Amino acid sequence: MRYLITGGAGFVGSHLAEALLQRDHEVSVIDDLSTGTIRNIRHLADNPRFRYVIDTVANRALLAELVDDADVIYHLAAAVGVKLIVESPVRTIETNIKLTELVLEMAQKKKRPVFIASTSECYGKSTDFPFREEGDLVLGPSSKGRWSYACSKLIDEFLAIAYHRERGLPTVVGRLFNTVGPRQTGQYGMVVPTFVRQALAGQPVTVFGDGLQSRCFTHVSDAVRALIGIMERPEAYGQVYNIGNTEEVSILDLAQRVIARANSKSAIEFVPYERAYQPGFEDMSRRVPDVSRIGQLIGWQPTVQLDQILQDVIDWCRQSAA
Ligand code: UDP
């Protein structure tokens, strides 16, 4: 099979490309390197079944050609990371909505199945745990930039579902929950690579708020296995799937575990949210997925638990710093 991955030089995209190549598929990647990096795919460049184009998905003629040459499309190109979103809301909204519109439009012309990457951020402040795909979504006001990410991704979801229902396009939405692993950069605010780098450098580990907020961290290899499995099943078309680990950890506990695993002497520094982000910043106190829907579809379950995830990220950071 021939796969096209938009955002394929990014963290998740590069792991997906690697996994598809390992399964003997052909992979094309388009990435403008706005948050991705060529380092993520350099090791794939010699593979004759791999090719990459450094350009924006907004290049219609190029996108049309790439879609034409693909059997399945993974649309992962997006603005991600709370820091980036809070600092550059225009870029977030425009990138996330315009590019998805374009990918769906092009895919429709050729009737190519499309996976649209969405996010657990869509559940917002819901307290209906664990989060089910049919559960209500609870977002904050438009005056708070953070919510633009969830809203822009929800528009993507609505579009994907509408293309399926109205026009018969095979589309699938995956809501990824705090996906982490080697190659993820802390540059855009993600907590695990940030804590690991701080701990390895002996710098204070910056816990925002009181650290009692919790998350479930998914290893990228588990997420990629879900992405591949989902697109092999036509029953998935028109559906939304949670993709996430169910092992919950508070951010304070996470900081302590990172420090211990990295054999670090770092102290924990509590940073008020308004200093970390912006005055009035709203965080989610918990975020836990219900993954029974994807379990029923392909028997998927997360397999890599938090300690192993942290060890992988620590090992990778040590190697990449060496
Ligand atoms: N966080 C933190 N210190 C950091 C970065 C993030 O305490 O240096 C917290 C953040 O406030 C949130 C959690 O870690 O409660 C996860 O943040 P991330 O940006 O990785 O993902 P989110 O779940 O917010 O999308």
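All ligand and atom numbering here is 1-based and tracks the order in the structure. On a predicted model such as this, the values are computed, not experimentally measured, just so you know.
Arg165 is linked by a salt bridge (Lys or Arg N to Asp or Glu O under 4.0 Å) to nothing, counting only residues two or more places apart in sequence or in another chain. Applying the side chain to side chain contact (heavy atoms under 4.5 Å, CB included) rule to Pro141 yields the partners Ser143, Lys144, Trp147, Glu282; only residues at least two apart in sequence or on another chain are considered.
Proximity of a side-chain donor or acceptor of Asn96 to a complementary backbone N or O of Asp156 within less than 3.5 Å is not detected.
Using a 4.0 Å heavy-atom criterion, the residues that approach ligand 1 are Val82, Glu121, Arg146, Asn178, Gly189, Met190, Val191, Thr194, Phe195, Thr206, Val207, Phe208, Gln213, Arg215, Ile251, Tyr273, Tyr277, Asp283, Arg287.
A donor and an acceptor atom, one from each side chain of Asp307 and Gln311, are nowhere located under 3.5 Å apart.
Relative to the six-membered ring of Phe129, Arg286 meets both conditions, a distance below 6.0 Å and an angle of at most 45° to the axis.
For residues 94-116, the pairs satisfying ring-ring contact (aromatic ring centres under 6.0 Å, His included) are Tyr74-Phe115, with sequence neighbours left out.
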